[in-house]
Amino acid sequence: MSREPAATTEEITRFLTEALRRTVGPDDDYFALGLVDSLFALELVTYVEDRFSLTVEVEDLDLDSFRTARRLTAFVHSKTGSADPTPVHAGDS
């Protein structure tokens, strides 16, 4: 993937804001906020697969990778082989 992590985060954040009909920031945990359910989680996986041309395997289904737009960006870039300096989890360096 040749795109910058910031552009990916912006795109994912835009998708989430539109889908959830509420402004979502890059570090907002939409699961903890109760904004999503299991059906939306499936929709999110489908969006990621379709938009970024990757396959989310069963072993990839770690909720922590999907909790925020920034974590999802790190997941997408790791799956596509891009260098991504953004930590997957808060406190990672």
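Residue numbers start at 1 and run along the sequence shown. None of these values were measured; they are calculated from a predicted model.
Residues Thr13 and Ala69 share a closest heavy-atom pair of OG1-CB, 3.3 Å. Closest of all the heavy-atom pairs between Val76 and Phe52 is CG1-CG, 3.7 Å.
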Trace of the side chain to side chain contact (heavy atoms under 4.5 Å, CB included) decision for Phe15 with Glu43: CA-CA 11 Å; Phe15 166 78; Glu43 183 179 338; 4.1 Å; yes

Side chain to side chain contact (heavy atoms under 4.5 Å, CB included) assessment of Thr80 paired with Leu54: CA-CA 7 Å; Thr80 59; Leu54 57 88; 3.9 Å; yes

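Salt-bridge formation is not detected for the pair Arg14/Glu18: no Lys NZ or Arg NE/NH1/NH2 atom is positioned less than 4.0 Å from an Asp or Glu carboxylate oxygen.
Leu33 and Leu39 are not part of a single hydrophobic cluster, where members link through side-chain heavy atoms under 4.5 Å apart. Hydrophobic clustering, with ILVMFWY side chains joined whenever heavy atoms are under 4.5 angstrom apart, keeps Leu16 apart from Leu42.
Here the side chain of Lys79 pairs a donor or acceptor atom with the backbone of Thr55 at under 3.5 angstrom. Within the 3.5 Å criterion, the main-chain N or O of Thr73 finds no donor-acceptor partner in the side chain of Thr9.
Proximity of Glu57 to Asp60: side-chain heavy atoms (C-beta onward) are separated by under 4.5 Å at one or more points. Counting only heavy atoms from C-beta outward, the side chains of Leu72 and Tyr47 never approach each other to under 4.5 Å. Side-chain contact check for Val45 versus Leu61: some heavy-atom pair is nearer than 4.5 Å. When side chains are defined from C-beta on, Phe75 counts as touching Val56, because their heavy atoms get closer than 4.5 Å.
Every pair tested for ring-ring contact (aromatic ring centres under 6.0 Å, His included) that includes a residue from residues 20-46 fails, sequence neighbours excluded, so the list is empty. For residues 21-31, every residue pair satisfying the salt bridge (Lys or Arg N to Asp or Glu O under 4.0 Å) rule, not counting sequence neighbours, is listed here: Asp27-Arg70, Asp29-Arg67.
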